[in-house]
Amino acid sequence: MLQVQFIRDHKETVLEGLAKRNFADAETIIEKVLTVDENRRKTQVELDNTLAESNKISKEIGGLFKAGEIQKANILKEKTGVLKTKSKELTESLTALAEELQTLLYLIPNVPHASVKAGNSEEDNEKIFSEGTIPDLGENALPHWELAKKYDIIDFELGNKVTGAGFPVYKGKGARLQRALINYFLDKNIEAGYKEYQVPHLVNEASATATGQLPDKDGQMYHSKEDDLYLIPTAEVPITNMFRGNLVQESDFPITATGYTPCFRREAGSYGAHVRGLNRLHQFDKVEIVRVEHPDNSYNALNDMVEHIKNILRELKLPYRILRLCGGDTGFTAALTFDFELFSTAQDRWLEISSASNFETFQANRLKLRFKNKEGKSELAHTLNGSSLALPRVLAGILENYQTEEGIKIPEVLVPYTGFSIIN
RNA sequence: AGAAAGGUGGCCGAGUGGUCGAAGGCGCUACCCUGGAAAGGUAGUAUACUGGUAACGGUAUCGAGGGUUCGAAUCCCUUCCUUUCUGCCA
């Protein structure tokens, strides 16, 4: 959520930013925000004055009662009746205006960073880096879902039976490879200075709202109605919310966190070949990294995160590229996002495996996550997060890119974690 | 799940209807004292919204939301959370 104050002071910047996202009706909404905000302030002042008067009279009444001047007190009492009605009305309109403002602000996405290019879809994303060799697998290369069946390491039908589509069962070496990847990722993150957390997999409404899942993506989360809890779509939600409402010291920066969790997504409305196999699931595993940073340092931090993820993919010897997302493809809450895509040789397409973003103050505003600056004032911090990394597509990439006549080789760095070097 | 007790500022803790944003202590900051430090002394030290160039004001906030009252941290209702006991159990 953007700060009203910011919109008030930097209207043009906001409009230019939203134009890069191709955000419809930006001008209308911003104008409305400004009008409602002005009304809100006016009402606030009027209410404050009314209450001030009422408070003053109450004090006088107290004094009169003490002095035994009951009659005078009773006269004043009548006066407060009018003020009470007035303040009640004003409170109601203030609440209504505040709600209206809030609803409007929830509609407005983050203002993209200066480096973000205008654009509508993934077509307009900029490729800024690529690395790794795409292996020559020959004619007989199989997509991962065929390989999974051939070696009996992932069972989609079994998951179907137990739960439904999009909930695979990992078996034998498949399960061990999955567990190895989780441990490997966590170890890499810890080595880079991230503190490991094990967090709840269900969150309350306040948490889902603070990181921006609600109200924007309501239908995309699994929801336990009875307890009013949401299954997390990403570890970003519980991890970032650990810091909700905090007032930290500048010396606490950088605050870094990593955690492994399963992620649950309803993925309502996804169909077709692009969702085959591990490409899109209702439950998948992911290791996440989160940072809370001083505003002056958040883009350095984002850079660090990108370098860190590069490093992991380099070690795994997987061919990948990095995209800087265009305005239209950048998530609602992010100011700048780098997507990492892995080349799936057998599917002949790029698969998104990580996304690293700086949210600037957009999340911190809802989170009320602040720090004391040098002047002793509290100021919103910047939050960032990234996947390091998402499991299923990395797994798919390994299966596909490392397939040989003899079986699927395991990347060298993973062998100490798996305890075997080939799946055959 | 049932019963009881409780939720007050960065922390501890007092406060059961009136100048209480809240005693006292700890912590923190500045200054005094000191060769330096400790101890001691003095002062300051919540957040949000809002008015004002500023100085300085106003309003709200004692878990949250309602209510009673001229007036609520204090009384009533709802709700959430914590602790203890009982129950259940990985």
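Note that these values count all heavy atoms, side chains included, but never hydrogens, waters or copies made by symmetry. Order of the sequence lines sets the chain letters (A, B, ...), proteins ahead of strands, with each chain counted from 1.
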Can you tell me if [X] has over 12 outside heavy atoms packed within less than 6.0 Å of its [atom1]?
X      : atom1 : result
A:K171 : NZ    : yes
A:E126 : CD    : yes
A:E69  : CD    : yes
A:E412 : CD    : no
A:E78  : CD    : no
A:E196 : CD    : yes

A:L336 CG to A:N110 CG distance, which is reported to the nearest 0.5 Å: 10.5 Å
Check every strand shown and say whether A:N74 touches a base, only sugar-phosphate, or nothing at a heavy-atom separation below 4.0 Å. nothing
Just call it for A:T80: base, sugar-phosphate, or nothing, with non-hydrogen atoms closer than 4.0 Å on any strand. sugar-phosphate
How far, in whole Å, is [M] from [N] if one measures between their [atom1] atoms?
N     : M     : atom1 : result
B:U42 : B:A54 : P     : 35 Å
B:G25 : B:G41 : P     : 10 Å
B:G9  : B:U47 : C1'   : 10 Å
B:G7  : B:C76 : P     : 14 Å
B:A4  : B:U78 : P     : 13 Å
B:G71 : B:U59 : P     : 15 Å
B:G21 : B:U16 : P     : 16 Å
B:C20 : B:C77 : C1'   : 25 Å

May I have the distance from [X] (atom [atom1]) to [N] (atom [atom2]), rounded to whole angstrom?
X      : N     : atom1 : atom2 : result
A:E379 : B:A48 : CD    : P     : 12 Å
A:K79  : B:G71 : NZ    : P     : 15 Å
A:E38  : B:G51 : CD    : P     : 10 Å
A:R366 : B:A48 : CZ    : C1'   : 19 Å
A:D37  : B:G51 : CG    : C1'   : 14 Å
A:E78  : B:U69 : CD    : C1'   : 16 Å

Does A:K173 count as lying over the ring of A:Y151, i.e. NZ or CZ under 6.0 Å from the six-ring centre, within 45 degrees of the axis? no
Pick from A:L325, A:L302, A:L323: which one makes a side chain to side chain contact (heavy atoms under 4.5 Å, CB included) with A:F338? A:L302
Between A:Y222 and A:F167, how do the two ring planes meet: parallel, tilted or perpendicular, split at 30° and 60°? tilted
Can you tell me how the ring of A:Y197 sits relative to the ring of A:F243, calling it parallel under 30°, perpendicular over 60° and tilted otherwise? perpendicular
Set of side chain to side chain donor-acceptor pair (under 3.5 Å) partners for A:D124, sequence neighbours left out: none
RNA chain B contacts among [range], heavy-atom distance under 4.0 Å:
range                       : answer
residues 59-69 of chain A   : A:I61, A:G62, A:F65
residues 98-108 of chain A  : none
residues 195-207 of chain A : none

[X]-[Y] side chain donor-acceptor pair, cut-off 3.5 Å:
X      : Y      : answer
A:N204 : A:S207 : yes
A:Q403 : A:E146 : no
A:R179 : A:Y417 : no

Please pick, from [options], the nucleotide with the shortest atom-to-atom distance to any side-chain atom of [X].
X     : options             : result
A:S58 : B:C70, B:U50, B:U59 : B:C70
A:R40 : B:C49, B:G58, B:U69 : B:C49
A:V45 : B:G58, B:G71, B:G51 : B:G51
A:N49 : B:U59, B:U47, B:G58 : B:G58
A:D48 : B:U69, B:G58, B:G51 : B:G58

Heavy atoms under 4.0 Å is the rule here; annotate nucleotides 72-80 of chain B 5' to 3' with B where the base is hit, S where only the sugar-phosphate is, and - elsewhere. ---------
Any salt bridge between A:E307 and A:K310, counting N to O under 4.0 Å? yes
Is A:E31 salt-bridged to A:K11, cutoff N-O under 4.0 Å? yes
Nearest non-hydrogen partners of A:A98 and A:R40, listed with the distance: CA-CD, 4.4 Å
For [N] and [X] - does any side-chain N or O of the residue sit under 4.0 Å from the phosphate oxygens OP1/OP2?
X      : N     : result
A:R370 : B:A48 : yes
A:N55  : B:C70 : no
A:R8   : B:U50 : yes

What stems, by residue range, does RNA chain B take part in, given at least 3 consecutive Watson-Crick or G-U pairs under 3.5 Å? B:1-7 with B:80-86, B:10-12 with B:24-26, B:27-32 with B:40-45, B:46-51 with B:56-61, B:63-67 with B:75-79
